[in-house]
Each structure stands twice: as C-alpha cells, then as structure tokens.
Amino acid sequence: MSDPRARISSVRVAVVPGPGRSGLLCQLREDGSPTEDPVEVADLVAAIREREGPTGGPPQPRWVWPSAAGLYPALLRAGVRVARCHDVALADALLSGRDAALAETNGARTPVDVAALTWDDDAAEVGGGLLTHQQPLFDPVLAGAPERPDPRDTMNALIDVHADQLGRIGSDEHPGRFSLLVAAESAGALVAAEMSLAGVPWRADVHDALLTDLLGPRPALPGQRPARLADLAAQFAAAFGGTGGPGGPSGGQHARTGKPVNPDSPAQVLQAFAAAGIRLPSTRFAVLRNVDHPAVGPLLEYKELARLHSAFGWTWLDTWVQGNRFRPEYVVGGVVSGRWASRGGGALQIPRLLRRAVVADPGWVLVVADAAQLEPRVLAALAGDRAFAAAAAAGDLYSELATAFGGERRKAKVAMLSAMYGGAGGEAGQLLAVLRQRFPAASGYVEAAARAGEEGRVVRSVLGRTCPPPSANWRSLTEEAADPDGERDPNAGRASRARGRFTRNFVVQSSAADWALVMLVSLRAALTKIATHGESPRVLPSAKPGTPARRQQPELVFFQHDEVIVHCRREQADAVVAAVSQAAAGASRLVFGPTRVVFPLNTSVVDCYADAK
DNA sequence: ACCCCCTGCGCG
DNA sequence: AAAGCGCGCAGGGGGT
C-alpha cells in the first residue's frame, strides 16, 4: 500500500451473500488472490454502502460478484449505488466464447453456474433466471450438493474463478482491449439495473389518448377488437364479395368455419386472395402494397393498427407502465454481437409513434443522443482505410463518399450497406466493385471476415468479443460438400454464404456495440459528477437508507444500440450534453485508439422523445 | 391445457 | 419482393 495510485487500481472486493442479510467480503490483490480471510458481515448492504462511500469520495472498490443482475437490484432498492464491478457471469460468457473457438468442439469449458455462486434465495433466482441455459455446476464443492453450500466454500470458489478469469484476460492477444471489454460489460450490467429501476418516463394518459384516437375507445373486454379494427376487418372481408349473411355468397368467408376471413391469419388471407384469382407469395406489406384489389386498402390499414393494438395497446400499458414509468428488463450481452436484448415489454422495439408518450417530468428534460452512421464509421476505424477514414472525418459520411459514386449519396449508402450486410442484388454488385476499388482496405476488411465465416472460423470485435462457432450441423453440411467424393448438397453453399454474411456483419455490428457500450458506461461515470443544486456532490450527504427523497442526479433511462436518453433537471441539460459528447470522444479513443474517424452524435434536449431529431 | 413453429413486423 | 445483419413479441395453427 505504499503507492496510493496502485491502490486505486487494485482494490477488488469479492462479495458473497449469506443467509438473511449477512454476507462475506474478501479483499483481493491485483492478481485476484485474497489479502485476508473472508470477513463475515451481518448486514451486507450496509457494509457495501460503507465501503463504497459517497460519490466523489475516496476511490471505490471494484466489487467482484457472481452476477450484477442477481445482486445489484436489491442494493439499488436499498439506495446503494456502486461505481465499479467485475461481473463473473458476464466475464465468463466473454471468455468461454473466446475459448470455445480455440478449443473447437471438444475441450469446451464448463460455464460458470452463477446460481451456484449465490446463497441468497432471491439473488439466486434472478441470477439463475438469467442463465437458465447453463446447467452444470462448475464447482466440485457444490456439484450434487442438495443443500445450500457453506458461504465460505462459495467465497473460495468465487475467488478461484475470478483469479482464473484475470489470468485468462491477461493472456488474451490484446489484454488491454479485452479487460476494457470485461470492465465495460460489467459496468453495463450496473447501468441496466439502474435504468430498470429509474424507468422511462411514460405518460399513460398520452399513450391512451393516442390509442383511442387511432383505434376507437378501449373495448370493454380484453379479447374484443376495438371499433376501428372491427370496421376494417369487416371492410376487408366484404371486399371479397361475401356479405357475411347466412346462406349468402361465401367469398369473404372461411371455407371451414364460415366466419369472415380473418385478417390476422396469413393462411386465410392467402386463401381468400387465391379464391379471387390472385396468388401471393406472402402477406407481407411489401407484397400487398403492389396488389390491385379492393381488399388491400383495408387490410394494410388493419395490419398496421392491429400491430399497434396487440403489441403496444392497452394490455401493454397495463402490464408495463406503472406510476408513469416504463420499466423494462435489459439483458446485457443478450445478443451475440454484444448488443443488449430486453425481456418483456418489447423495450427495444418501441414504435416511433409512441415516442409521443415519452415525456419528461415537469422541470425535467430528456437529453436524447444517437450516434450518427455508427456502423460505417466503425468500419472505417477498424480497417484503417485512409481514404475511407478521411470521409469519416466529416459530418455526413455518405455525402463525403458520394463523389466516388458519381455524386450520388444514395448509391454510396447502398454500397456501404451491401458491404456490411453482404447484399449483392440489383445494382449492389456494381456499387461494391466501386467500393472495392476506391476503398480497398475497408472493403477488404469485411471480405476477409466473410471468408473466415464461410470457412467455419470465428471472428472478433475490436475489443475481442468472439462470434459463436458454427454448429455441428453446419460443419457436417459444409464438410460433405468439400469432399470431392461426397454428394454435393446445394444447401452447403447456401449455409456457407449465410455464415459469411453473419461474420461479415458481426465484425462491424459487434465493434459498434463495443463503442456504444464504452460510451454508455463512460457517460454513466460522467453523470455522477454533475452537480445537483449547484453544489458539488462531494459535499452532499450520502444517500440515506430508503432514500425517500427524489434523486436529483441526471439519470440514464434508455439505451438502444446506438442511442441513449438521459432524464435530468432542465438546468443540468447543458452539463449532460457536454458529458455525452465527452463520453463519445472518450469511447472513440479507448476503443479505437488514435484515429481520424469521428463519431458524431445527434443530441437534442427535448420535453418529448418524439421531438428529438 | 400447454408447447412449438411459422409468419409478420417493430426496432437498431 | 429493395436486399443483406441482429433481435423480441403476438397471433395463428398444428401437435400432444
């Protein structure tokens, strides 16, 4: 402890919940080895609160725990926020993803069972729910044990797993980047729990008025179609000639049930059109829009409104919005690329229309920031393509690229999207050739990723997140095709190219997710430094248990791949806007190092999400 | 009754 | 059929 700086970076404290309110803590060295015997504390929450100290105070420890998703919500409910953690479950997912690729099919490590590292029933339930696909117990001490283990054994297991993880992180090809990824992923889990608790400000009355306006009054019974939908469904059926009257012509009726053809049933819709002499490949919007038949108008309008009603109607409002807050559950690392997923509430698929209902509290505003053209900029930085990076140094990337495509911005965009997604239809092939010639490094980067995928190899994001290896099914399919004596399965080529498109996109999407995650957690850190009431948070009293008073600190309330929303007091908006832009600049530096590529944000300060540009 | 797959569409 | 990547969710329809 001679050098205080060394201490700042090295204090890690392992946490294991015990029975009741108790728990075990154990301070660790930088290599993960314990400095002491685990200390039993009667009130774990109080102990963490005390060691964490006030924001802006002495450096906070990095809490090493089985899973933030399992433990942190309970801490937050008790009014305790922490600055940093190492999430063993998330780290395990990153490491086993990496090592599974190296070990190929055999020799895969048994994933850590987070539930086995917890003791508290509630925490175990939450943590276990997060990782239900992980079956085996990792710890011989716990394997097969029907009773809850001794917390000291659990603590020892946690310490061992964590130390092992540190070693594996250190042995990565790029240990600095990979440890940044683990730290950011862990901090992401903190943000996710905090955002779930804060909730998105959601005006139920605005939402309800919107629904009533579009659909008619809320039906008395949940199963009933609102008036507007019932009307459109009837128009749709009638357009096939059936009036619906008993004994009448049956053009608009289902052959078997005799009921009017149901616009919610693709099969019935296809059948009805076929009976009218129109054979359709599907009932998708893109197909139907070009069909000339009187049923199409009402059907398209029905589909649009029915979607709103079923996915984000009154039932959704009842289920997900309480006290004018929408509280979704985020799943950190839920997408292979590192993007977040959500559970329940369709949090990451909220229709733009409903952004009208997202309104800041009185005296508060929303700071909405989204990264502009993130993925092509990421590709520019990844590939180190000089010509491309020069274009990406400017505000509108596609306009800068347009000169290479005869001045047509649209063509530049199509070429970029095709390069990143693997599309080659229509004019894309020709535009890709231009891209290849003018921006060889950028083009070569995604082409190499595609080739790796087609050959069954894995690729990684800039910070080292690994894509999943191909399935056994994929291997047998493609290996048969490679065998000259074997029969050529046409599916083999298709499967190979499909995986090529996946890995081609993975390098871009996952590196963009790296950037966005680092930006998010940097922003979180910066927001805690924004003063409330014009005073430094350093001099404010620390939060009291229960925290009855409303937090005045700016709060992250939403994160959607490349976009964040901060809810803050109006007078804090300028500081939040500055924090957002610093977080973006910092993320660019941390993730990509020196690069001339810029990652601009579109930032708006608004009362209503729908007003963000 | 429940489960699973398909279709279609919302978001990035 | 404007297409190529990643998701979650609701409803229909078939299976058990």
Side-chain angles (χ1 to χ4, degrees), chain A residues 222-223 225 229 254 256-257 259 261-271 280-291 299-300 302-313 315-316 319-320 328-331 333-355 370-376 378-379 410-411 413-429 431-432 446 449-450 453 459 461 465 467-468 497-513 516 558-564:
Chain A
R225 274 188 182 130
L229 285 182
H254 191 265
R256 184 158 45 80
T257 64
K259 289 182 181 172
V261 56
N262 181 1
D264 287 324
S265 165
Q268 289 184 31
V269 170
L270 290 181
Q271 220 176 335
L280 300 175
S282 80
T283 64
R284 292 196 189 116
F285 176 77
V287 173
L288 289 170
R289 70 191 300 191
N290 298 320
V291 174
L299 177 58
L300 289 180
Y302 175 90
K303 282 163 75 84
E304 191 178 348
L305 293 175
R307 160 103 199 147
L308 180 68
H309 177 244
S310 70
F312 292 93
T315 308
W316 183 91
T319 309
W320 292 103
E329 192 180 340
Y330 298 92
V331 185
V335 180
V336 286
S337 65
R339 274 151 54 140
W340 291 7
S342 65
R343 197 162 26 224
L348 303 181
Q349 297 94 232
I350 295 166
R352 291 167 106 51
L353 181 73
L354 287 185
R355 294 182 180 185
D370 77 288
Q373 304 158 336
L374 178 58
E375 294 196 351
V378 162
L379 175 56
R410 183 193 61 84
K411 286 189 177 177
K413 188 171 178 179
V414 169
M416 276 312 307
L417 293 179
S418 301
M420 293 188 299
Y421 292 151
E427 60 179 349
L431 297 176
L432 278 174
V446 284
V459 294
S461 75
R465 191 184 306 265
C467 82
R497 286 189 297 275
R499 184 168 166 83
R501 287 193 300 275
F502 167 63
T503 50
R504 168 196 294 273
N505 183 252
F506 184 94
V507 292
V508 179
Q509 187 183 118
S510 64
S511 299
F558 195 56
F559 173 55
Q560 187 177 32
H561 312 316
D562 61 359
E563 178 177 19
V564 295

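This one's a predicted model, so the numbers in the text were calculated from it and none came from an experiment. Residue numbers start from 1 in every chain, and the chains themselves are labelled A, B, ... in the order their sequence lines are given, proteins ahead of strands.
Using Watson-Crick or G-U wobble geometry with both donor-acceptor distances under 3.5 Å, dG4(C) finds no partner in any strand shown.
The local environment of CZ in Arg355(A) is crowded, with over 12 non-hydrogen atoms from other residues, nucleotides or ligands closer than 6.0 Å. Counting heavy-atom neighbours within 6.0 Å of Lys413(A) NZ, excluding the residue itself, gives a total of 12 or less.
Put simply, Lys303(A) has a side-chain N or O that comes within less than 4.0 Å of OP1 or OP2 on dC9(B). Between Gln268(A) and dG13(C) there is a side-chain N or O to OP1 or OP2 distance below 4.0 Å. For Asn505(A) and dG4(C), the shortest distance from a side-chain N or O to OP1 or OP2 is not below 4.0 Å. Dashed line: the shortest gap from a side-chain N or O of Ser265(A) to OP1 or OP2 of dG11(C) is not under 4.0 Å.
Residue Ala286(A) places its side chain closer to dA2(C) than to any other of dA2(C), dG12(B), dG8(C). Checked against dG8(B), dA2(C), dC5(C), the side chain of Arg289(A) finds its nearest nucleotide in dA2(C). Of all nucleotides listed (dA3(C), dC9(B), dA2(C)), dA3(C) comes nearest to the side chain of Ser418(A). For Thr283(A), the side-chain atoms get nearest to dT7(B) when compared with the rest of dG12(C), dC9(B), dT7(B). The side chain of Ser310(A) lies closest to dG11(C), out of dG11(C), dG12(C), dC7(C). For Asp264(A), the side-chain atoms get nearest to dG12(C) when compared with the rest of dG6(C), dG12(C), dC7(C). Side-chain proximity of Arg352(A) to dC11(B), dG4(C), dG12(C): nearest is dC11(B).
The shortest distance between side-chain heavy atoms of Phe312(A) and Trp320(A) does not fall below 4.5 Å. Between Val336(A) and Phe502(A) there is a side-chain heavy-atom pair separated by less than 4.5 Å. Counting heavy atoms from C-beta outward, Arg339(A) and Leu348(A) have side chains that stay 4.5 Å or more apart. Taking the side chain as every heavy atom from C-beta outward, Asp264(A) and Arg225(A) approach each other to under 4.5 Å.
Nucleotide dG12(C) carries an anti base; the chi torsion (O4'-C1'-N9-C4 or O4'-C1'-N1-C2) is more than 90° from 0.
Side-chain atoms of Arg501(A) do not come within 3.5 Å of backbone N or O of Gly423(A) as any donor-acceptor pair.
A straight line from CZ of Phe559(A) to P of dC7(C) spans 16 Å, rounded to a whole angstrom. In this structure, Arg339(A) places its CZ atom 13 Å from P of dC5(C), rounding to the nearest Å. In this structure, Arg501(A) atom CZ and dG6(C) atom P are separated by 9 Å, rounded to whole Å. In this entry the distance linking CH2 of Trp340(A) with P of dC11(B) reads 21 Å, nearest Å. Summarising the geometry, the separation between CZ on Arg499(A) and C1' on dG4(C) is reported as 17 Å, rounded to the nearest angstrom. For the pair Leu300(A) CG and dC9(B) P, the computed distance is 9 Å after rounding to whole Å. Between the CZ atom of Arg355(A) and the P atom of dC11(B) there is a distance of 7 Å, rounded to whole Å. Remark: P of dC5(C) and CZ of Arg465(A) are 21 Å apart, rounded to the nearest angstrom.
Among the protein residues, Arg504(A) comes within range of no part of the nucleic acid, since none of its heavy atoms lies under 4.0 Å from any strand. Using a 4.0 Å heavy-atom distance criterion, Val414(A) is classed as a base contact. When heavy atoms are screened at a 4.0 angstrom cut-off, Ser337(A) is found touching no nucleic acid atom at all. Within the nucleic acid shown, Phe312(A) has no heavy atom closer than 4.0 Å to any nucleic acid atom. Within the 4.0 angstrom heavy-atom criterion, base atoms lie near Arg307(A). Counting non-hydrogen atoms under 4.0 angstrom, Gly345(A) reaches the backbone sugars and phosphates but no base. Looking at heavy-atom distances under 4.0 Å, Gln509(A) makes contact with a base. Residue contacts for Ile350(A): at a heavy-atom cut-off of 4.0 Å it reaches the sugar-phosphate backbone alone, with no base atom in range. At a threshold of 4.0 angstrom between heavy atoms, the contacts of Asp370(A) with the nucleic acid are absent.
Atom C1' of dA1(C) sits at a distance of 16 Å from the matching atom of dT7(B), rounded to the whole Å. Nucleotides dA3(C) and dC5(B) have their C1' atoms positioned 25 Å apart, rounded to a whole Å.
Remark on DNA chain C: of its neighbouring residues Arg284(A) and Gln349(A), the 5'-side contact belongs to Arg284(A), judged by nearest-heavy-atom nucleotide. Nearest-nucleotide positions on DNA chain C place Gly425(A) closer to the 5' end than the other of Ala347(A) and Gly425(A).
We find that Arg289(A) and Glu304(A) are not joined by a salt bridge, their nearest charged nitrogen and carboxylate oxygen being 4.0 Å or further apart.
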